[in-house]
Structure formats: structure tokens, C-alpha cells
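Before any comments, here is the structure.
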Amino acid sequence: MLDIKFIRSNPDEVTAAMKKRGMDLDLSEFLSLDENRRKILSEVEQLKSKRNSVSKEIGIMKKNGENADQLVQEMGEVGEKIKELDEQVKNIDTRLKDIILTIPNIPHESLPVGGESDYRVERTWGEPTKFAFDPQAHWDIGEKLGILDFERATKVTGARFTFYRGLGARLERAVISLMLDIHTSENGYEELIPPYMANKDSMTGTGQLPKFAEDMFKLEGLDYYLIPTAEVPVTNYYRDEILNEKDLPIKHCAFSPCFRSEAGSYGRDTRGIIRQHQFHKVELVKFANPENSFEELEKLTNDAEKVLQRLNLPYRVITLATGDIGFSSAKTYDIEVWLPSFKTYREISSCSNFLDFQARRANIRYRDKQGKVQFVHTLNGSGLAVGRTVAAILENYQQADGSVIVPEALRPFMGVDVIK
RNA sequence: GGAGAGAUGGCCGAGUGGCCGAAGGCGCUCCCCUGCUAAGGGAGUAUACGAGAGAUCGUAUCAUGGGUUCAAAUCCCAUUCUCUCCGCCA
């Protein structure tokens with residue numbers, strides 16, 4: 001969330017920023033509530049101050065055996081008034097919080113202004129794969145090889161689920177291992193295996209709640225949600241904690257299944273493993289010093305790219321435009337891998353700097369050299385989405401006979417050179 | 001699931017109605033002494049919100065939320081979490 005003091009003193013800047021996101025934000029209710037709150041607050045605090053000092057007097061009088069009935073009665077009345085005003089403040093606080101929790105982050109000035117198609121291409125790596133034959137889509141390749149089974153998954157669970165079978169399952173596992181090995185051994189991230197469910201506070205901390213409840217799976221009768229990304233448990237790992245400046249940046253990677261209801265995306269990517277209710281992802285999360293969080297974003301993106309380079313998969317990196325970044329993000333790079341069947345680059349990683357937006361929600365702070373406590377900056381990125389990586393491998397490495405060559409980097413994990 | 005115990009500052013830990021934002025210790029910061037891979041002495045050391053140009057002042061916070069009271073870390077209720085024992089279980 002944004003700093004309430006910042007909103008109070010720069011309301012026009014905030015509305016202008018939201019405009020860039022394509023959002024009309026009316027702050028008038030917020031501002032008047034905020035002003036009203038401060039008015040009532042100072043009134044009730046004066047009353048409390050009075051009650052505190054008089055109560056002290058009463059204590060002394062009673063000890064001396066004097067009669068304090070008059071003061072006791074007065075303070076009884078003051079207490080009633082305090083209760084009433086406290087209630088008002090509480091109601092206003094609730095409303096203010098409701099509002100501020102639904103205001104997204106301010107897009108960074110380096111972003112192109114615009115919508116989904118106004119991204120900026122930063123760099124491309126490799127060339128789109130060329131074929132001497134008509135390349136198939138990964139779902140056809142997978143089904144023919146008997147390594148992906150969509151039909152039975154539909155029977156067992158429902159739409160947008162998949163069974164991986166045999167070398168398909170092994171390929172998924174190999175990709176996971178390769179990614180984790182790169183990030184832990186080479187890129188210096190400490191691995192975590194997080195819970196796959198998280199509570200409401202955690203979901204609020206990273207920004208999934210209160211606004212995006214319908215995108216998640218919630219457990220019946222509990223305040224637990226299936227995580228849509230390991231970002232949630234890993235970022236909230238340090239919720240309500242004060243970190244040491246000398247430990248920054250803290251870097252974690254985590255493999256986890258991710259669960260998304262994909263509400264509102266009914267027509268899109270209905271075939272294959274691009275958009276599933278459950279998928280695997282290796283996530284990178286950083287807790288950084290505000291001074292250099294944008295440098296850390298560059299590094300994090302490079303760390304994710306490394307996996308595609310190792311797999312020799314062509315990709316490009318784009319900077320999302322102001323209207324296309326996520327709710328909590330100030331700046332996002334998408335890494336897009338080449339998918340021959342789509343004849344286009346498709347998102348395989350999203351790397352974002354959230355500045356102090358999540359840290360303020362989740363109350364993650366650090367103590368600086370002067371001993372002052374400040375919010376950290378949080379960042380995260382996929383390193384990478386596993387299912388989409390498998391899809392990219394199947395499509396880019398497919399052969400005319402329907403077999404798929406195993407990328408060199410995966411062979412130690414696969415035990416075979418070709419899937420056929 | 002049953003029974004019991006507990007939750008206090010960065011950490012440990014005292015505190016059963018007023019003089020407690022909270023003893024003492026550890027850690028950390030600064031100063032002094034000493035002088036070298038010891039030690040000793042002194043001072044300081046929570047966060048949030050509000051008011052103020054500022055020094056500063058006020059309010060709140062002893063797991064969370066309610067309640068009792070003129071006054072709550074302290075009493076009552078609910079919730080959450082932790083620990084111990086029993087049961088069940090991969």
C-alpha cells in the first residue's frame with residue numbers, strides 16, 4: 001500500500017499515476033475521512049490525557065484516605081465520551097484501510113505509458129526456432145508421445161488440469177532441478193520449501209487480497225488459500241520482522257505448485273499447459289535496500305534469463321507499460337519465450353520491483369546504520385514457470401518424426417537424449 | 001480430538017489493579033580508563049499515530065479482539081499461536 005502521508009500531501013500525483021494505469025481514482029472520500037479522523041483523534045487524545053492524569057490523582061487521594069467520589073463520577077462521564085469517540089475513529093480507520101488497500105502501486109517513471117500492447121522490448125536472445133517441417137503444438141506432441149494426458153485429468157478433476165506421465169513427468173522434474181541448481185549454486189539464492197496454503201494476512205501482505213479473492217482457491221471453513229505463487233509465503237516469511245541492513249539483499253528461491261482459479265480467462269489458452277489451475281513454478285524473491293532495489297531488479301531478471309540461456313531457448317525481455325503491470329508492482333519485466341506453435345513470444349517469467357508497497361502492507365522493515373527502522377523493498381520474479389518451460393522445450397526441440405530432443409543441460413537429469 | 005501450561009521490548013527475563021513504556025541481564029551505540037588479540041567504569045538504546053518550524057508534547061501498544069474499573073501487562077470472556085502429556089496418523 002501507499003504511504004498514507006504521501007497520499008495526504010500529494011493527492012493529485014496519486015490520481016495522475018492511477019490515470020496512467022487506466023484507472024479513475026477519486027480520493028475525495030479518503031481525504032475528508034482522513035481529515036476528520038485527525039480531528040476526532042486529537043479530541044479523544046486530549047480526553048484520555050485528562051483521564052490519565054486525574055486517575056493518577058484519584059489513586060493518590062484514595063491512598064491518603066480522602067474522598068474522590070466527585071472526580072470518579074466525572075471521569076466516568078469522560079470515559080463514556082472517550083468510548084464514543086474511539087468508536088468513531090475505529091470506524092473511520094476501517095473505512096480508510098478498505099480504501100487504501102485497494103489502491104495499486106504507483107508505476108515507476110521508467111515505464112512506457114499505455115496498455116497491454118505498449119510494452120518496450122529491452123532485448124532479445126537467440127533466434128526464433130526454424131523448422132523444415134510444420135511444427136506441432138506442445139499438446140499434440142505431448143499426447144502423441146504419451147507424456148501429457150489432458151483427458152484423464154479432466155475426468156479425475158476437471159478442465160485445466162494435466163497428468164504428466166513417464167518422461168513427461170521426468171522432464172518436469174528435471175526442469176525444476178536445473179532451475180533450483182542454477183539459482184542456489186550459481187546465483188546465490190537460499191532455497192525454501194514453503195507451505196502451499198497461506199492465510200488471509202499473508203494474502204493481504206503481498207496484495208492478492210482484498211481485491212483479487214476470486215482469482216484464488218480458498219479452503220472451505222478456513223481462512224486459508226491455496227497459494228497462487230510462492231511469492232506469497234516467501235515474502236510473508238519475514239512479515240512483521242525487522243531485518244538487519246547488513247543482511248540485505250536477502251535472496252530466496254522456492255519451488256512450489258501454484259493454484260489459480262483463472263476466473264475471467266475462460267476463452268484463453270484452453271489447450272495445452274500454458275494456462276492451468278495448477279502449475280509448478282520456481283520463484284525468486286529478494287528483500288533489498290531501497291537504495292539499490294532497481295539494480296537488484298536487473299540482476300534478478302538476469303538470473304531468470306540464465307535458465308533460458310542454459311536451455312538454449314530463444315526469448316526476449318520486455319518492460320510492461322503502466323497499464324499492464326500488476327497491482328503491487330512499480331516496474332515489471334516480462335521474459336517471453338518463443339513458442340513456435342503460437343508463432344510468438346509468450347510470458348514465462350514476470351520480474352517486478354514492488355518498492356515498499358508490499359513491505360508496508362506486510363510490515364517488513366530493516367534497521368539502517370543510524371538505527372532507524374525503515375521499510376525494505378521487495379522484488380520477485382519467476383525463475384521460471386516450469387510448465388511453460390516444458391511446453392517451450394517440447395515445441396522448440398521437436399523433430400519431424402514427433403520425437404523431442406532433450407536439451408543438453410537436462411540430460412544429466414533425464415537419463416535419455418531423446419523423448420520418443 | 002482430550003487434559004494441562006504459557007504468550008512481556010532486538011534477545012533473555014521480572015512484574016497479580018494506580019508510583020509500569022515496563023526492573024535486571026544480554027546485545028548494540030557513544031564516552032572514559034587501560035593498553036593489545038583480556039577486562040573495568042559511565043551514558044544512551046522500542047514502535048506507531050497525532051500536534052509543533054523545532055526542542056518537545058500527547059495518545060496507543062506487555063499475542064489478538066472484546067469486557068469490568070475513575071484507573072488494566074496485572075481481573076473477566078472469546079480467539080489465535082506455542083509447549084507438555086494422552087489419543088490418532090504419513
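Sequence lines set the chain letters: A, B, ... in the order given, protein chains first and strands last, and positions in each chain run from 1.
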Parsed dot-bracket for RNA chain B after applying the Watson-Crick and G-U rules with both distances under 3.5 Å and | for other-strand partners is ((((((((.[[[..)..(.....]]]((((((.......))))))((((((....)))))).[[[[[..)....]]]]])))))))....
Let me know the distance between OH of A:Tyr366 and C1' of B:G10, rounded to the nearest Å.
-> 17 Å
Report, one pair per line, the protein and nucleotides 77-79 of chain B atoms (nitrogen or oxygen only) whose separation is under 3.5 Å.
none

In whole angstrom, what separates A:Lys62's NZ from B:C19's P?
-> 15 Å
Minimum heavy-atom distance A:Cys258-A:Pro228, with the two atoms named = CB-O, 3.2 Å
Examine the side chains of A:Lys420 and A:Gln399 and answer whether a donor and an acceptor come within less than 3.5 Å of each other.
-> no
A:Asn91-A:Gln88 side chain donor-acceptor pair, cut-off 3.5 Å = no
5' precedence on RNA chain B between A:Gly79 and A:Lys63 (nearest-nucleotide basis) | A:Lys63
Classify the side-chain pair A:Ser341/A:Glu395 by whether it contains a donor and acceptor separated by less than 3.5 Å.
-> yes
Within this structure, what is the NZ-to-C1' distance between A:Lys83 and B:U69, rounded to whole angstrom?
-> 11 Å
Please identify each residue that fulfils ring pair (Phe, Tyr, Trp, His ring centres under 6.0 Å) with A:Tyr237, with sequence neighbours left out.
-> A:His252
Every protein N/O lying under 3.5 Å from an N/O of nucleotides 62-66 of chain B:
unit_1 : atom_1 : unit_2  : atom_2 : d
B:G66  : OP1    : A:Lys90 : NZ     : 3.0

Enter the distance from A:Leu284:CG to A:Thr301:OG1 here, rounded to the nearest 0.5 Å.
-> 9.5 Å
Would A:Thr378 and A:Lys286 count as having a side-chain donor-acceptor pair, cut-off 3.5 Å?
-> no
Rounded P spacing from B:A72 to B:G67 in Å = 12 Å
Check the side chains of A:Asn199 and A:Asp223 for a donor-acceptor pair under 3.5 angstrom, ignoring hydrogens and angles.
-> no
Cut-off 3.5 Å, side chains only: do A:Gln374 and A:Glu245 have a donor facing an acceptor?
-> no
Quote, to the nearest angstrom, the P distance that separates B:A51 from B:G44.
-> 30 Å
Between A:Asn244 (CG) and B:G27 (C1'), how many Å, whole number?
-> 11 Å
Rounded interatomic separation in angstrom, taking CD1 from A:Ile60 and C1' from B:C70 | 13 Å
When the P atoms of B:C30 and B:C12 are considered, how many whole Å apart are they?
-> 25 Å
Does any donor atom in the side chain of A:Asn363 or A:Arg365 lie under 3.5 Å from an acceptor atom in the other side chain?
-> yes
With sugar-phosphate taken as primed atoms, P, OP1 and OP2 and all else as base, the protein-contact string of nucleotides 47-53 of chain B at under 4.0 Å (heavy atoms; B, S, -) is S-SSS--
Are side-chain N/O atoms of A:Thr319 and A:Glu122 paired as donor and acceptor at under 3.5 Å?
-> yes
Hey, can you pull the residues of residues 48-57 of chain A with a non-hydrogen atom under 4.0 angstrom from RNA chain B?
-> A:Lys48, A:Ser49, A:Arg51, A:Asn52, A:Ser55
Axial cation check for A:Phe342 ring with A:Arg346, 6.0 Å and 45° limits | yes
Whole Å only: how far is the CG atom of A:Asp86 from the C1' atom of B:U61?
-> 14 Å
Provide the distance between the two C1' atoms, one in B:A39 and one in B:C32, to the nearest whole Å.
-> 14 Å
Among side-chain atoms of A:Asp334 and A:Tyr345, is any donor-acceptor pair under 3.5 angstrom?
-> no
More 5' along RNA chain B: A:Val72 or A:Gly59, using each one's nearest nucleotide?
-> A:Gly59
Examine the side chains of A:Ser202 and A:Arg239 and answer whether a donor and an acceptor come within less than 3.5 Å of each other.
-> yes
In whole angstrom, give the distance that lies between atom CG of A:Leu47 and atom P of B:A71.
-> 13 Å
C1' atoms of B:A38 and B:C33, separation to the nearest Å = 14 Å
Euclidean distance for C1', B:A5 against B:G10 (whole angstrom) | 27 Å
Take atom P in B:U69 and the same atom in B:G6, then report the distance between them in whole Å.
-> 27 Å
In whole angstrom, give me the gap between the C1' atoms of B:G18 and B:A73.
-> 13 Å
Separation of A:Asp303 CG from A:Glu296 CD (nearest 0.5 Å) = 9.0 Å
Without hydrogens or angle criteria, can the side chains of A:Glu172 and A:Tyr164 be said to hold a donor-acceptor pair below 3.5 Å?
-> yes
A:Gln208 and A:Tyr225: side-chain donor and acceptor closer than 3.5 Å?
-> no
